[in-house]
Amino acid sequence: MKFTIEIKDIKSKARTGIIETAHGKILTPIFMPVGTLGSVKGVHFRELKEDIKAQIILGNTYHLYLRPGIDVLSPAGGLHKFIGWDKPILTDSGGYQVFSLAENRKLTQEGAIFRSHIDGSKHIFTPENIVETQRAIGSDIMMALDECAPYPSDYAYARKSLDLTHHWLKRGWKKFQETDPLYGFEQTFFPIVQGSTYRDLRTESAEYVSSLNCEGNAIGGLAVGEPAEVMYEYIELVNSILPEDKPRYLMGVGTPVNLLEGIERGVDMFDCVMPTRNGRNGMLFTREGIINIKNEKWRSDFSSIEPDSDCYVDVLHSKAYLRHLIINKEMLGAQIASIHNLAFYLWLMNEARNKINDGSYSEWKKLMVNKLATRL
RNA sequence: GGGGAGAUUCCAGAGCGGCCAAAUGGGGCAGACUGUAAAUCUGUUGUCUACGACUUCGGAGGUUCGAAUCCUCCUCUCCCCA
């Protein structure tokens with residue numbers, strides 16, 4: 001993997017760049033649609049490519065390991081071939097499931113012992129077998145196994161959690177270096193900064209992560225309930241330590257405003273379920289603000305979902321029609337909303353790139369932040 | 001023509017003397033959702049000068065301290081037999 005910075009913003013930490021992977025280039029800043037189970041829910045790959053212009057999608061190691069299972073993905077030749085997606089894939093390690101499936105797991109030095117949410121069967125994820133599993137999945141970018149500590153965490157817990165994450169990271173990174181790709185193309189490994197909302201822990205984590213000199217670095221454990229301002233503070237802190245010449249990935253974030261604030265602070269990559277999940281639930285992110293399409297006020301609004309968009313569903317369909325579909329739980333409604341939201345997120349990233357490149361990012365961001373947070 | 005069942009808050013449908021402004025589901029309205037156990041979850045849904053008051057359970061009257069619940073008549077629906 002290779003990362004080249006194109007333009008650095010003068011007034012902020014924002015920058016544009018190009019990540020080159022075995023499955024093609026990624027122009028940053030970038031938003032990566034989440035496709036946990038090898039599918040971005042409700043969105044076909046052709047739509048991802050042609051309408052949304054996604055450059056890379058996510059998969060999830062925990063979920064793919066349980067189903068379809070490595071015994072299917074290996075003979076399939078890896079996830080790319082299995083799902084029919086020839087662009088880059090990043091896989092989360094299952095670290096987030098350590099957090100979100102907390103009742104079904106136990107953490108030890110050795111690893112995370114899980115009870116499958118599907119059948120209750122017991123599994124152990126170690127930093128090593130998570131690397132091996134991601135080798136079998138064949139993701140372009142694999143993530144270290146970490147613990148995403150809940151918010152708030154007291155200092156003692158955060159300290160212990162960070163030590164565990166670092167211990168796991170050391171072993172995972174070692175395993176990565178000792179193993180080779182299974183499908184003849186290069187893979188890379190991103191470590192994850194943790195440390196909850198404690199400046200000394202975050203600093204220590206960012207320094208340790210930086211010292212490994214991996215090809216890219218991630219910030220985890222944010223957007224788990226803390227105020228947005230706190231999140232921004234920690235992005236700033238961590239990014240002041242992480243190497244500038246490596247891509248920085250802010251995991252699980254976020255709202256359109258979060259993305260713009262993150263970019264301003266030097267983040268290059270984002271992923272979030274928000275555009276798809278909230279889209280399915282009737283929340284639309286648009287250039288003018290946020291729409292709850294289920295609201296009665298859109299009942300007879302025959303204007304396009306996003307009139308100036310070059311995504312065809314945005315122009316073809318009216319708000320009233322989309323409302324009708326969502327209210328009636330028609331599958332097509334969830335599909336259109338997901339396509340629209342993702343197209344919007346990718347459009348936003350592309351705009352951000354353009355603004356950084358022509359030196360007007362800060363002014364543009366200020367304007368957009370107000371608009372994007374507006375409830376229509 | 002004869003016999004039977006029933007009419008409950010937007011709908012369906014509980015309730016069968018006080019704990020009923022009335023269960024539950026649907027619908028309506030609104031909210032939540034941030035590395036997806038989510039096409040999910042939550043709130044609300046008679047009126048008001050609103051932590052209290054007022055008007056509601058087909059209509060009219062009656063019994064009772066007290067009725068959606070008991071009695072009488074009326075109106076209307078549905079079912080069965082001719």
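Below, chains carry the letters A, B, ... as their sequence lines are ordered, and counting in each starts from 1.
The side chain of N292(A) places no N or O atom within less than 4.0 Å of a non-bridging phosphate oxygen (OP1 or OP2) of C33(B). Contact annotation: R375(A) side-chain N/O to A30(B) OP1/OP2 distance is not under 4.0 Å.
Pair assignment for A53(B) gives U47(B), based on Watson-Crick or G-U wobble hydrogen-bonding distances that are each under 3.5 Å. If you check A12(B) for Watson-Crick or wobble pairing at under 3.5 angstrom, you find it paired to U24(B). Of all nucleotides present, none satisfies the Watson-Crick or G-U wobble test against C19(B) with each distance under 3.5 Å. Using the Watson-Crick or G-U wobble rule with both distances under 3.5 Å, A67(B) pairs with nothing in any strand shown. With both pairing distances under 3.5 Å, A32(B) is matched to U40(B) as a Watson-Crick or G-U wobble pair. Here U77(B) sits opposite A5(B) as a Watson-Crick or G-U wobble pair (both hydrogen-bonding atom distances under 3.5 Å).
Nucleotides G62(B) and C11(B) have their C1' atoms positioned 33 Å apart, rounded to a whole Å. Here the separation of A39(B) from G6(B), taken at their C1' atoms, is 40 Å to the nearest Å. Comparing the same atom, C1', in C76(B) and in G58(B) gives a spacing of 8 Å after rounding to whole Å. Separation of the C1' atoms belonging to C41(B) and C51(B) is 29 Å when rounded to the nearest angstrom. Comparing the same atom, C1', in C16(B) and in U45(B) gives a spacing of 26 Å after rounding to whole Å. Straight-line distance between the P atoms of G61(B) and G17(B): roughly 25 Å, to the nearest whole Å. Taking atom P in both U56(B) and A67(B), the straight-line distance is 12 Å, to the nearest Å. Across C57(B) and U9(B), the matching C1' atoms stand 7 Å from one another, rounded to whole Å.
Side chains of H340(A) and S338(A): no donor on one and acceptor on the other come within 3.5 Å. With 3.5 Å as the limit, one finds a donor-acceptor pair spanning the side chains of D200(A) and Y155(A). Side-chain contact check for T36(A) and N60(A): no donor-acceptor pair (N or O, by modelled atom type) lies under 3.5 Å. Checked by atom type, the side-chain pair T197(A)/E226(A) shows no donor-acceptor distance below 3.5 Å.
Taking atom CD1 of I290(A) as the reference point, atom P of A30(B) lies 16 Å away to the nearest angstrom. What separates CE of M283(A) from C1' of A30(B) is a distance of 14 Å, to the nearest Å. The CD1-C1' distance, from I219(A) to U34(B), rounds to 15 Å in whole Å. Following rounding to the nearest Å, I327(A) (CD1) and G31(B) (P) show an atom-to-atom distance of 12 Å. Note: OH (Y345(A)) to C1' (U34(B)) measures 8 Å, nearest angstrom.
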Enumerate the protein-to-nucleotides 10-12 of chain B contacts in which both atoms are nitrogen or oxygen and the separation is below 3.5 Å.
none

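Not one N or O on the side chain of Q187(A) forms a donor-acceptor pair closer than 3.5 Å with the backbone of P181(A). A donor-acceptor pair is defined here as one N or O able to donate and one able to accept, closer than 3.5 Å; such a pair exists between the side chain of T179(A) and the backbone of K175(A).
Exactly one of K355(A), K13(A), R15(A), K365(A) qualifies for a salt bridge (charged side-chain N to carboxylate O under 4.0 Å, His left out) with E264(A). That residue is K365(A).
Note on N258(A): a base of the nucleic acid sits closer than 4.0 angstrom, heavy atoms only. Looking at heavy-atom distances under 4.0 Å, I141(A) makes no contact with the nucleic acid at all. Residue contacts for R299(A): at a heavy-atom cut-off of 4.0 Å it reaches no nucleic acid atom on any strand shown. Residue R323(A) is classed as a sugar-phosphate contact, given heavy-atom separations below 4.0 Å to backbone atoms only.
Hydrophobic clustering (ILVMFWY, side-chain heavy atoms < 4.5 Å, transitive): V72(A) and L182(A) are in distinct clusters.
Base orientation at C19(B) is anti, since its O4'-C1' glycosidic dihedral falls outside 90° of 0.
Counting only heavy atoms from C-beta outward, the side chains of F125(A) and T133(A) never approach each other to under 4.5 Å.
Checked against the 6.0 Å centroid criterion, the rings of Y65(A) and Y62(A) do not qualify as a close aromatic pair. The six-membered or imidazole ring of F114(A) lies away from that of H123(A), with a centre-to-centre distance of 6.0 Å or more.
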How does protein contact run along nucleotides 35-45 of chain B, one letter per nucleotide 5' to 3', with B for base contact, S for sugar-phosphate only, - for none, heavy atoms under 4.0 Å?
BBBBBB-----
